[in-house]
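Below is one structure; the comments refer to it alone.
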Amino acid sequence: MKAEKIIPTIKRRSIEAMLKKGERIDGRKLNQMREISIRTNFIERAEGSALVKIGKTMVIAGVKLSIGSPFPDAPNKGVIIVNTELIPIASPVFEPGPPGEEDVEIARVVDRGIRSSNALNLDELIIIPGKKCWVVYVDIYALNHDGNLIDACALAAVSALLTAKKRKVEVEGDELKLLEETEPLPMRDRPVFVTIGKIGESLIVDPSYEEELIIDSRITFSITEDGRIAAIQKGEAGYLTYDEVLNASEVAFKIAEDVRKLLPALPKGAS
Amino acid sequence: MSEEPTLLTPEGLRVDGRRPDELRPIKIEVGVLDNADGSAYLEQGGNKVIVAVYGPRELHPKHLSLPNRALVRTRYHMTPFSVEERKAPAPTRREIELSKVIREALEPSIFLNEYPRTAIDIFIEVLQADGGTRCASITAASVALADAGIPLRDLVAAIAVGKVKGRLVLDLNHLEDQYGEGDMPVAMMPVFNAVTLLQADGLFTPEEFKKALKLARKGIMEVYRAQKEALRKKYSRIPKEGEEL
């Protein structure tokens with residue numbers, strides 16, 4: 001597969017014609033994800049990492065930790081920073097340079113979906129209130145773009161966080177001492193992101209790159225373990241009807257439960 | 001950090017005295033800028049937003065032009081003095097994302113295929129922010145597009161639904177945004193029942209989500225009326241010969 005920015009009309013027509021019969025060009029059902037694989041601890045230097053594939057889409061996320069200062073308006077909370085880069089390695093449609101709006105959107109949607117779900121308990125990342133806390137950097141890189149980068153990036157970020165280890169800290173007055181002993185990050189939830197595309201009147205789960213080229217719009221839901229919505233993002237220059245939005249949410253709830261089974265378990269005994 | 005205000009009184013009134021389903025007063029003026037092809041100024045609570053639309057016009061650089069439709073470019077920007085603590089003027093990641101979602105909220109309403117190889121530029125400046133600026137921007141920008149004489153399928157109206165003390169409320173102000181538990185901005189083309197922007201941040205059960213969407217639609221209808229009224233005010237009168245509107 002070599003990604004182009006345009007799609008031949010004949011292909012567009014065949015995708016649309018198949019969708020009308022409830023079929024997809026890669027043989028999937030409308031509400032079927034591609035095969036997912038998650039390989040954690042791929043990068044030994046990182047405190048947590050995950051290489052995730054959804055079909056041929058491949059992304060890698062790394063978690064790095066450092067000790068920094070809490071934000072002045074949240075003196076009792078640690079910090080999480082999510083960054084995404086869509087690099088030319090992943091597709092000829094990506095160009096080198098500072099993150100564009102697509103990169104920024106993915107990073108911010110993943111950030112919101114994780115933050116709102118309270119997946120990472122920031123209260124437990126404070127070391128000295130108002131002064132010292134853990135800063136959790138989640139950096140996500142696209143390696144191969146075959147559609148649905150949002151879900152892949154989120155899956156990688158959450159998997160990397162679930163398996164990340166931080167060193168224990170001893171506090172003596174204002175002095176911090178990092179111990180050799182490690183413990184998991186205080187993860188409390190495992191949000192799953194599900195993106196649904198709309199082509200014509202069909203709603204499709206996990207759009208592939210070819211499908212994304214002719215997509216009218218897409219909607220992403222981040223869903224917590226107890227079945228609540230933690231974030232939503234509609235994207236692309238089309239619309240969904242009111243009823244399509246509700247239908248898409250129902251589908252997303254179902255898919256999220258299946259996908260969650262593939263995620264690493266919540267760490268036990270996080271501090 | 002400042003003390004949390006009383007967000008909901010025992011009588012069910014909000015921090016600024018509104019009922020849960022009550023919007024802040026909206027004021028829209030059409031055609032407020034001389035040099036733009038279309039423009040609008042909007043006040044909604046403490047929000048003050050001004051929008052200029054240029055186009056359809058020649059696109060530079062030319063290689064960006066699309067053979068089958070107009071290219072829409074949108075810049076959402078907050079002035080440094082629009083918020084409590086001065087904001088650096090350079091675009092933040094937030095502004096980059098909002099520029100994208102605002103553009104995608106407006107694009108479905110425009111007959112883009114009528115203007116191949118051209119640009120439609122939408123410039124939004126938030127002069128003062130009081131919560132819900134992306135929705136205020138969409139509401140104002142849609143009116144400015146109409147003022148520019150660009151053919152539209154429908155106006156796009158937007159409002160945010162939030163969760164405050166476990167209760168769904170319409171049109172969050174900045175205090176409710178800061179201390180509330182959730183925020184769900186929605187934009188629609190009411191004639192088509194079409195949702196053109198939908199975001200959410202905060203926890204919503206499936207039931208709450210359905211209710212929030214319904215509440216948003218109610219608010220959007222009110223905003224839509226204000227938009228049409230503003231346009232009517234400028235355009236319902238036939239100008240005398242030689243007179244500019």
Side-chain angles (χ1 to χ4, degrees), chain A residues 6 71-77 81-84 98-109 111-113 115-118 130 189 191 198 216-224 226-246 248-250 252-253, chain B residues 1-2 66-69 71-72 74 84-85 91-101 103-110 112 153-154 156 178 181-190 192-210 212-214 216-217 220:
Chain A
I6 49 171
F71 288 113
D73 60 349
N76 294 313
K77 285 185 189 298
I81 294 169
V82 180
N83 181 52
T84 302
E101 57 176 29
E102 212 181 329
D103 317 41
V104 170
E105 184 188 24
I106 293 177
R108 285 181 51 89
V109 172
D111 182 290
R112 279 204 288 276
R115 205 179 284 273
S116 296
S117 66
N118 302 314
D189 207 311
K198 177 190 168 181
D216 296 315
S217 60
R218 60 168 156 80
I219 189 161
T220 303
F221 295 87
S222 161
I223 293 169
T224 61
D226 64 359
R228 286 190 287 178
I229 295 170
I232 307 177
Q233 181 89 343
K234 175 255 167 188
E236 301 304 325
Y239 64 84
L240 296 108
T241 64
Y242 191 90
D243 291 333
E244 282 168 344
V245 168
L246 294 176
S249 72
E250 303 279 335
F253 285 121
Chain B
M1 199 160 64
S2 54
L66 303 171
N68 59 335
R69 69 170 181 106
L71 178 77
V72 182
T74 303
E84 200 65 38
E85 296 257 334
T92 58
R93 275 158 49 112
R94 177 179 171 276
E95 285 167 311
I96 293 170
E97 188 209 336
L98 291 196
S99 296
K100 181 177 190 285
V101 296
R103 187 187 72 229
E104 290 171 345
L106 296 166
E107 278 180 300
S109 73
I110 310 171
L112 294 171
R153 291 182 174 86
D154 193 7
V156 182
Q178 191 179 344
E181 302 106 68
D183 177 20
M184 189 174 110
V186 186
M188 288 179 76
M189 289 191 283
F192 301 96
N193 218 8
V195 178
T196 68
L197 172 130
L198 177 57
Q199 295 184 286
D201 186 8
L203 290 170
F204 294 88
T205 64
E207 282 313 305
E208 282 171 336
F209 170 60
K210 279 183 205 156
L213 204 57
K214 208 169 160 192
R217 186 160 61 176
I220 281 168

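Throughout, protein chains are lettered first and strands after them, A, B, ... in sequence-line order, and every chain is numbered starting at 1. All values derive from a computational prediction rather than experimental measurement.
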- Message: Here's a test for you: under salt bridge (charged side-chain N to carboxylate O under 4.0 Å, His left out), which of B/Arg94, B/Arg93, B/Arg103, B/Lys100 qualifies with A/Glu105?
- Response: B/Lys100
- Query: Is any side-chain heavy atom of B/Glu104 closer than 4.5 Å to a side-chain heavy atom of B/Thr196?
  - Reply: no
- Find the one option among A/Arg112, A/Arg115, A/Glu250, A/Glu244 whose heavy-atom pairs under 4.5 Å with chain B are most numerous. A/Arg112
- Task: Output all residues satisfying side-chain hydrogen bond (donor to acceptor under 3.5 Å, both in side chains) with B/Asp183, sequence neighbours left out; order by chain, then residue number.
- Result: none
- Message: Need one label for A/Ser222: side chain, backbone, both or neither, based on atoms under 4.5 Å from any heavy atom in chain B.
- Response: neither
- Query: Which region of B/Phe209, side chain (C-beta onward) or backbone (N, CA, C, O), has a non-hydrogen atom less than 4.5 Å from a non-hydrogen atom of chain A, or is it both or neither?
  - Reply: side chain
- Query: Quick one: of B/Ala187, B/Pro185, B/Ala194, who has the most non-hydrogen atom pairs under 4.5 Å with chain A?
  - Reply: B/Ala194
- Task: Under 4.5 Å heavy-atom distance to chain B, tell me which part of A/Ile223 shows up: side chain, backbone, both or neither.
- Result: neither
- Do you know which of A/Thr241, A/Asp216, A/Leu240 has the most heavy-atom pairs with chain B at a distance under 4.5 angstrom? A/Leu240
- Query: Which region of A/Asn118, side chain (C-beta onward) or backbone (N, CA, C, O), has a non-hydrogen atom less than 4.5 Å from a non-hydrogen atom of chain B, or is it both or neither?
  - Reply: side chain
- Note on the structure: Most heavy-atom pairs under 4.5 Å with chain A, out of B/Val186, B/Asn193, B/Leu98, B/Leu203, belong to B/Leu203
- Task: Let me know if B/Leu197 has heavy atoms under 4.5 Å from chain A in its side chain, its backbone, both or neither.
- Result: backbone
- Can you check whether B/Val72 reaches B/Ile110 side chain to side chain, under 4.5 Å on heavy atoms? yes
- So, the part of B/Val101 with a heavy atom under 4.5 Å from chain A: the answer is side chain
- Message: The criterion is side-chain hydrogen bond (donor to acceptor under 3.5 Å, both in side chains); which residues satisfy it with A/Lys234, sequence neighbours excluded?
- Response: none
